[in-house]
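First comes the structure, then the notes that go with it.
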Amino acid sequence: MSGHPANLVRCWRDLRSALQPAPVLWMLLPAVMAIPLLGLTLAGVHGGGLSLVRRFLLAALSPSLEPALLHGLLQGLGTTLALALLSWFASVLLGLCCGLLSAECIWQEICGRRWPAWLWRRLLALPRSLHELVWGLLLLQLYGLHPMVAVVAITIPYGALVARVVADQLDSLPTAPLAALRQAGTPALPALLTALGPALLPGLCSYAAYRLECALRSAALLGVFGLGGIGTDLRLSLQSLAFNELWTGLWLLGLTMVALERCSASLRRRWSAGTRLSGAAVPVEQGSVGQQGRECLLFLLALLPLLGLAAGSLQLEPLGLLHVRPLPLPSVWNWESALALPWLQLVSTTLLLSLAAAGLAIGMAPLCLLLQRQCQLPVWLMQTVWLLLRLWPPPLIALLLLLVSLPGPWIAALAIGLHNLGVLGRLLLDQLDHESCLPEQMLLATGVSPGLALFYGGFDSVAPAYLAYGAYRADVMLRESVVVGLVGGAGLGTVLLESLSSFAWEDLLAVLAAYLLLTLTGEALSDGLRHRLLFTD
């Protein structure tokens, strides 16, 4: 009977799947967030800062080349590179060790139980949920202005992130080789190294190369808030409206970032051969694994002198972390001020600006690429724009927007969205470069416009992986909401700054707990969405 409940349910499922947009359409739908963001920003525009913006744009063509300025900026850039290199290396080592402890397959072979891996994953979720800037500001209260503060502030959350990736990769590897070695009488530890080590190496090396780029951006961001490096010079130049000096630092940082991205992209292509973005394991030839192992060993040998040089230039004293400045502990009974905070408004504002920023970044990247292809603009022009957006940390973008517009949560969302637009745009171009261009060429040969050819022939194949990474970046943008809040944005970040400056430790702990719950919830949702996009048809 057509009216049978089972038939009705099946018809409803068929109708829902037929009406559900394809992944390629979901790439563009989030771009609607740009309409209210731009509308609110334009509504708050005032003419007082237009001349400053014009000076800022013209200064890009005439950066200052004074020897004293170049010397200072190169010193700041060296400090930023040293901080990035040391924190990256420490976070990879920490993440590898903690990732092994978080892998279920490791504990299953060692003691026959999986619950210790679950416990380690839950513990590592705590440091991962807080932005590195929050760690830096907290450590700054304990140790003062110490070079180790920036290194440790980046190492803690990055190490937890690497541990999560290592554990996920280990648990997704095939267990047949491990089972065969164990049945042959091989002890647990040698069997794990032999069966899982070669398969883990390509993905780990590829991800580690990517984390080095992120460490450079984080080191520059910490410098914006006074923790050393070229970021401090950039913010001082912007606050003093010395735009020519500002662009000198930006171009130096841009050249460094481009060189690092080219090197890391080359290493990722070389070391990730035979792997997939989804993390699913595929067979890897033993010869290629042996070659990758030798290359990694040579890379580490060449890296050790650089690490020593970086530590010497910063005059690091790790034992200085043992001397903690005494701080007043929060009172057990004095929580009235924390409970009196407008939590509903703070949390809703933080979530709204994070969602708006995510929609802007995820949707505008493919839309800009479609417009570039349809208008026959050179690709290098789009790459340059996205590079500049990646160069500018969200706080500096917010400060620049405040020159021409009134403050508000939309400024914070726009700053985060524009910065991540540069990140997602570069990722989208990399994905398209790795896909076959034959479908797009065939559509062009039939007379289809360049934009439609890219939409149907290029985006269709990369849409699931791009949306999966977009879900991850949405989780990152939620953490970054604290960054723009610290420069007068809105939401929990503003309260965090006020709590730190007034030593209101009860309010600080309450805000950190709120950020922890929000980021853990967002992480769980983004993980589920990525798994659905990458592992379902």
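From a predicted model like this one, the values you see are computed outputs, not experimental measurements. Basis for what follows: all heavy atoms, side chains included, without hydrogens, waters or symmetry-related copies.
- L101 is linked by a side-chain contact (heavy atoms from CB on, under 4.5 Å) to W107, W120, counting only residues two or more places apart in sequence or in another chain.
- For Q315, the CD atom is loosely surrounded, since the number of other residues' heavy atoms within 6.0 Å does not exceed 12.
- In this structure the side chain of L518 reaches within 4.5 angstrom of the side chain of L492, judged on heavy atoms.
- Looking at heavy atoms from C-beta onward, L221 lies in side-chain contact with P395 at the 4.5 angstrom threshold.
- D168 has its side chain within reach of R164: a pair of non-hydrogen atoms, C-beta onward, lies under 4.5 Å apart.
- S313 places a side-chain N or O within donor-acceptor distance of the main-chain N or O of A310, the cut-off being under 3.5 Å.
- Pairs of residues two or more places apart, or lying in two chains, never qualify as salt bridge (charged side-chain N to carboxylate O under 4.0 Å, His left out) while including a residue from residues 84-101.
- In this structure, OG on S87 lies 10.5 Å from CZ on R211, to the nearest 0.5 angstrom.
- The backbone N or O of P127 sits less than 3.5 Å from a side-chain atom of W135, completing a donor-acceptor pair.
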Pair M382, C368 - check side chain to side chain contact (heavy atoms under 4.5 Å, CB included), show working.
CA-CA 8 Å; M382 190 65 63; C368 291; 4.1 Å; yes

Should V379 and Q383 be marked as a side chain to side chain contact (heavy atoms under 4.5 Å, CB included) after you check the CA-CA gap, both sets of side-chain angles, and the distance that decides it? CA-CA 6 Å; V379 180; Q383 291 174 330; 3.9 Å; yes

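- Of the possible donor and acceptor atoms, one in the side chain of T232 sits under 3.5 Å from a partner among the backbone N and O of G223.
- Here the closest non-hydrogen pair linking A356 and M33 is O-CB, 3.8 Å.
- For the pair S405 (side chain) and T41 (backbone), a donor-acceptor distance under 3.5 Å is present.
- Nearest heavy atom pair, residue L424 against residue G470, reads CD2-CA, 4.3 Å.
- In terms of the ring-ring contact (aromatic ring centres under 6.0 Å, His included) criterion, residue partners of F56 (sequence neighbours excluded) are, by chain and number, F243, W247, W392.
- V149 meets the side-chain contact (heavy atoms from CB on, under 4.5 Å) test with L139, Y143, H146, L227; sequence neighbours excluded.
- Take D233 and apply the side-chain hydrogen bond (donor to acceptor under 3.5 Å, both in side chains) test, not counting sequence neighbours, and it matches no residue.
- A distance of 7.0 Å separates CG in L73 from OG in S237, rounded to the nearest 0.5 Å.
- In this structure, the side chains of I362 and R473 stay at 4.5 Å or more apart for every pair of heavy atoms.
- Not counting sequence neighbours, the partners of R390 by the salt bridge (Lys or Arg N to Asp or Glu O under 4.0 Å) test are E261.
- When side chains are defined from C-beta on, L137 counts as touching L133, because their heavy atoms get closer than 4.5 Å.
- At a threshold of 4.5 Å between non-hydrogen side-chain atoms, the residues L389 and N420 do not count as touching.
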List the steps and the verdict of side chain to side chain contact (heavy atoms under 4.5 Å, CB included) for L161 and Y207.
CA-CA 11 Å; L161 285 170; Y207 184 72; 4.2 Å; yes

Which donor-acceptor pairs under 3.5 Å do the side chains of residues 74-86 make with protein atoms, sequence neighbours left out?
unit_1	atom_1	unit_2	atom_2	d
Q75	NE2	H71	NE2	3.3
T79	OG1	Q75	O	3.1
T80	OG1	G76	O	3.1
T80	OG1	I230	N	2.8

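- The local environment of CG in L344 is sparse, with at most 12 non-hydrogen atoms from other residues, nucleotides or ligands closer than 6.0 Å.
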Between L138 and L512, is the side chain to side chain contact (heavy atoms under 4.5 Å, CB included) condition met? List the steps. CA-CA 11 Å; L138 292 176; L512 290 179; 3.9 Å; yes

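- For E245, there are no side-chain hydrogen bond (donor to acceptor under 3.5 Å, both in side chains) partners, not counting sequence neighbours.
- Every residue two or more places apart in sequence or in another chain that forms a side-chain hydrogen bond (donor to acceptor under 3.5 Å, both in side chains) with S218 is listed here: E132, Y158.
- Here L96 pairs with V166, L204 under the side-chain contact (heavy atoms from CB on, under 4.5 Å) rule; sequence neighbours left out.
- With values rounded to the nearest 0.5 angstrom, L252 atom CG is found 6.5 Å from T256 atom OG1.
- Between D507 and S499, the shortest heavy-atom contact is CB-OG, 3.4 Å.
- Between L478 and L351, some side-chain heavy-atom pair lies under the 4.5 Å cut-off.
- When atom types are taken as modelled, the side chain of H131 and the backbone of E480 share no donor-acceptor pair closer than 3.5 angstrom.
- The two residues L429 and W386 make their nearest non-hydrogen contact at CD1-CZ3, 3.6 Å.
- The CZ atom of R426 sits 14.0 Å away from atom CG of L421, with the distance rounded to the nearest 0.5 Å.
- Residues that satisfy the side-chain hydrogen bond (donor to acceptor under 3.5 Å, both in side chains) test with R128, not counting sequence neighbours, are E523.
- Between M477 and A361 the shortest heavy-atom distance is CE-CB, 3.9 Å.
- The side-chain contact (heavy atoms from CB on, under 4.5 Å) check on P366 picks up M27, L28, L428, F459, Y466, with sequence neighbours excluded.
- To the nearest 0.5 Å, the span separating CG on L400 from CG on L246 amounts to 8.5 Å.
- Using modelled atom types, no side-chain atom of S481 and backbone atom of T350 make a donor-acceptor pair closer than 3.5 Å.
- Here the CG-OH distance, from L346 to Y515, works out to 9.5 Å after rounding to the nearest 0.5 Å.
- In terms of modelled atom types and a separation under 3.5 Å, the side chain of R479 and the main chain of L130 share no donor-acceptor contact.
- Among all heavy-atom pairs drawn from I154 and A215, the shortest one is CD1-O, 4.3 Å.
- The shortest distance between side-chain heavy atoms of W251 and L388 falls below 4.5 Å.
- A donor-acceptor contact shorter than 3.5 Å links the side chain of N244 to the backbone of S62.
- Just one of T521, V511, L126 meets the side chain to side chain contact (heavy atoms under 4.5 Å, CB included) condition when paired with L516; it is L126.
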